[in-house]
A.B. asks: 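The structure's right below; bear with me while I get my questions together.
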Amino acid sequence: MIQNKKPKSEGRKDTHEKKTVKTELKISERTSLFNPALIPEDAKKIIHEFEEVVSSTHPLNSKQRALLSEQIRQLSHNLTDERGSRRVGYMNQTTALSAYVHYFLWWNLVRLVRLFSNMSAEFFNLDDGSFCVDLGCGPLTVVTALFLARPELRDKKLTWYCIDISQQASAFGEDIFLSVCARLKAGQWKIIRVKGEAGTKIKEKADLVTSANIFNEMNDKPGVPPDFLAKNYTEKIYSYIDPKNPKAKIITIEPGDPKSARLVSLMRDSYIRKGYVPAAPCCHCENCPMNGQNAKKGGKWCNFAFSTEDVPSALKRLSEKADLPKDRAVLCFVAVEKKETAAKETKETETSEEKFSFRITSDPLKLPGHRTGYYACSKEGLLLVVTDKKIFSGECFTLASKPKKMLTDQKSGALMFSLV
């Protein structure tokens, strides 16, 4: 999901405790979800030339190009405020698919390539002969993004089952994917397009199951509790995995809105109950302190954002022409992996001196006393980190030890400390 412009600093009109505990906290590790420097240079080139990539497989004539911005704007309404009246098979419509590929696919590659490039290489450590499933694949967005982001996988012999109700969209996407492979002079991946919904049976069991922006589109049934939906969706995912496979991994990505974040948080709970542990973005297996449950009443929801100032100029111009200017890309997600020894390792960690990790989950907050804070997630729950350091949404900090004393922010209930 790409959000429209909003202030980069968020003020808070409250009179919460102005004191914080100031201690020297040694940062032993600092990582990001969105560091552009980790994107492969050839992937950056493809993203900047993506308009040419699409044109090489599905060029537009002058009339189609003239109508493109209006079609993009209409599809944006269909995907957001008019989603209740949107046809389930909207990607089978030629104009909608064209608008999606020329605009939304491009934006999704911008955010997914950056995310996948920054995730742990260990999470994507797939062997030759591995089987992967992408649910609601559309025009092969996830497959293409992963191919661009992880060069070490490009010549692995992977088989991808790409499942979607729109054969037209997946065929369109396969053409684009093969064009990207040709430009990079790489690629051993086998694409098997499957027409069907999530849960459609396939011949093999998967080592990796991916999905992006599928469950929020299914999450429109009035009166159905979100926990029921989350259980239903995760059961569909489990059907593709051998429960005895110790290497099984899942990544679920959705837009960064409260409703989607609530669903992802509930799916995370289901994964943990099934013996999976979060690989990202969570730095713990405890209850999610930003689960979106009371978002309408001020509750926090887990989402991450990065600036789009370095996206291709052609994509920016297309956004502006469609009256959809963007300065932030936003998403929520959870990546989990099977870990048979999770319970044992957790017990061992609890009995030893441990490091303290937290993930930044907000833009800068203007606090009383000319201070700046950031909300963060940790195993201790919600944090409010007060600091003069320039830090960004999605960054994970690991300290040599947990702050010995933390106050409580009166507004949010977050534990509060200063990072100096």
Side-chain angles (χ1 to χ4, degrees), residues 1-3 31-54 100-121 123-126 132 134 136-156 158 160 162 173-174 176-187 189 191 208 210-214 249 251-256 279-281 303-316 318-319 326-333 335 392-395:
M1 178 180 181
I2 308 298
Q3 291 189 346
T31 60
S32 173
L33 290 177
F34 304 120
N35 182 0
L38 295 185
I39 302 174
E41 289 301 319
D42 55 3
K44 291 180 182 178
K45 188 175 187 328
I46 292 290
I47 290 173
H48 277 267
E49 297 175 352
F50 192 68
E51 189 175 31
E52 297 177 19
V53 176
V54 176
Y100 191 92
V101 168
H102 283 86
Y103 182 76
F104 295 95
L105 172 58
W106 199 352
W107 271 117
N108 284 330
L109 289 179
V110 166
R111 65 180 187 144
L112 294 185
V113 169
R114 187 173 295 202
L115 173 65
F116 293 160
S117 297
N118 280 269
M119 287 179 62
S120 167
F123 184 80
F124 295 118
N125 184 19
L126 297 166
C132 308
D134 185 34
C137 65
L140 273 60
T141 309
V142 170
V143 174
T144 303
L146 189 58
F147 188 85
L148 289 170
R150 309 303 313 192
E152 72 275 16
L153 291 179
R154 292 176 187 169
D155 288 318
K156 289 285 183 74
L158 307 180
W160 280 89
C162 298
E174 186 174 9
I176 293 172
F177 172 72
L178 293 175
S179 178
V180 169
C181 292
R183 285 170 180 257
L184 295 179
K185 298 180 181 180
W189 297 6
I191 305 297
L208 172 67
T210 67
S211 64
N213 304 330
I214 172 178
K249 296 170 184 177
I251 181 165
T252 303
I253 306 166
E254 294 293 336
N303 67 101
F304 304 96
F306 63 88
S307 169
T308 59
E309 60 186 3
D310 59 349
V311 303
S313 56
L315 182 54
K316 282 186 177 180
L318 189 55
S319 293
K326 321 282 192 254
D327 68 353
R328 290 155 45 85
V330 185
L331 56 81
C332 64
F333 78 102
F392 301 93
S393 171
E395 286 195 299

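All values reported here derive from a predicted model rather than from experimental measurement.
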A.B. asks: Would you call Leu33 and Phe306 a side-chain contact if the rule is heavy atoms closer than 4.5 Å?
C.D. replies: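 A side-chain contact under 4.5 Å is absent here.
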A.B. asks: Any donor and acceptor pair, going by atom type alone, linking the side chain of Lys249 with main-chain N or O of Thr210 inside 3.5 Å?
C.D. replies: no
A.B. asks: OG/Ser313 to CG/Leu318 distance, rounded to the nearest 0.5 angstrom?
C.D. replies: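 One gets 11.5 Å once the value is rounded to the nearest 0.5 Å.
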A.B. asks: Apply side-chain contact (heavy atoms from CB on, under 4.5 Å) to the pair Phe116 and Val142, showing each step before the final yes or no.
C.D. replies: CA-CA 10 Å; Phe116 293 160; Val142 170; 4.2 Å; yes
A.B. asks: I'd like to check the ring pair (Phe, Tyr, Trp, His ring centres under 6.0 Å) partners of Phe392; sequence neighbours left out, ordered by chain and number.
C.D. replies: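 Residues passing ring pair (Phe, Tyr, Trp, His ring centres under 6.0 Å) with Phe392: none at all.
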A.B. asks: What is the distance from atom CG of Leu148 to atom CZ of Phe177, rounded to the nearest 0.5 Å?
C.D. replies: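 Interatomic distance, Leu148 CG to Phe177 CZ, rounded to 0.5 Å: 9.0 Å.
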A.B. asks: Considering all heavy atoms of both residues, which atom of Phe50 and which atom of Val101 are nearest to each other, and what is their separation?
C.D. replies: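 Residues Phe50 and Val101, closest heavy atoms: CE2-O, 3.9 Å.
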A.B. asks: Do side-chain atoms of Asp134 reach the backbone of Cys162 as a donor and acceptor pair under 3.5 angstrom?
C.D. replies: no
A.B. asks: Taking all atoms of both residues into account, what is the closest heavy-atom pair of Lys44 and Ile39, and its distance?
C.D. replies: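 Heavy-atom minimum between the residues: CE-O, 3.5 Å.
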A.B. asks: Look up atom CZ in Arg114 and atom CD1 in Ile47, then write down how far apart they are to the nearest 0.5 Å.
C.D. replies: 9.0 Å
A.B. asks: Rounded to the nearest 0.5 Å, how far does OG1 of Thr144 lie from CH2 of Trp189?
C.D. replies: 8.5 Å
A.B. asks: Between Lys326 and Val311, is there a side-chain heavy-atom distance shorter than 4.5 Å?
C.D. replies: no
A.B. asks: Would you compute the distance between atom CD1 of Ile46 and atom CD of Glu52 and round it to the nearest 0.5 angstrom?
C.D. replies: 9.5 Å
A.B. asks: Report yes if the side chains of Arg183 and Lys45 come closer than 4.5 Å at any heavy-atom pair, otherwise no.
C.D. replies: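 Side-chain contact under 4.5 Å: no.
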A.B. asks: Over all heavy atoms of both residues, which pair between His102 and Trp106 is shortest? Give the atoms and the distance, please.
C.D. replies: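 In terms of heavy atoms, the two residues are closest at O-CE3, 3.6 Å.
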A.B. asks: Could you walk me through whether Leu208 and Trp160 pass the side-chain contact (heavy atoms from CB on, under 4.5 Å) test, one step at a time?
C.D. replies: CA-CA 9 Å; Leu208 172 67; Trp160 280 89; 4.1 Å; yes
A.B. asks: Yes or no on side-chain contact (heavy atoms from CB on, under 4.5 Å) for Arg150 and Leu126, after CA distance, side-chain angles and deciding distance?
C.D. replies: CA-CA 11 Å; Arg150 309 303 313 192; Leu126 297 166; over 6 Å; no
A.B. asks: Taking side chain as C-beta onward, heavy atoms only, is Ser307 less than 4.5 Å from Asp327?
C.D. replies: no
A.B. asks: If we only count heavy atoms from C-beta on, is the Lys316 to Ser319 side-chain gap below 4.5 Å?
C.D. replies: no
A.B. asks: Please report the shortest heavy-atom distance between Ala329 and Arg111, naming the atom on each side.
C.D. replies: CB-CB, 4.3 Å
A.B. asks: Can you give me the closest heavy-atom contact between Cys332 and Asn303, atom names plus distance?
C.D. replies: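 Distance-wise, the nearest heavy atoms are CB-CA, 4.3 Å.
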A.B. asks: With sequence neighbours excluded, what pairs up with Ser32 under the side-chain hydrogen bond (donor to acceptor under 3.5 Å, both in side chains) test?
C.D. replies: none
A.B. asks: So how far is it from Tyr103 OH to Asn108 CG, rounded to the nearest 0.5 Å?
C.D. replies: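 Atom-to-atom, Tyr103:OH and Asn108:CG are 10.5 Å apart.
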A.B. asks: If I compare all heavy atoms of Ser117 with all of Pro40, which pair ends up nearest, and what's the gap?
C.D. replies: OG-CD, 3.6 Å
A.B. asks: My understanding is that only residues two or more places apart in sequence, or in another chain, count here; which of them pass ring pair (Phe, Tyr, Trp, His ring centres under 6.0 Å) with Phe304?
C.D. replies: none
A.B. asks: Is the shortest side-chain heavy-atom distance between Val110 and Thr308 below 4.5 Å?
C.D. replies: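 No, too far: nothing below the 4.5 Å cut-off.
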A.B. asks: Where do Ile176 and Leu105 land on the side-chain contact (heavy atoms from CB on, under 4.5 Å) test, with the steps shown first?
C.D. replies: CA-CA 11 Å; Ile176 293 172; Leu105 172 58; 4.0 Å; yes
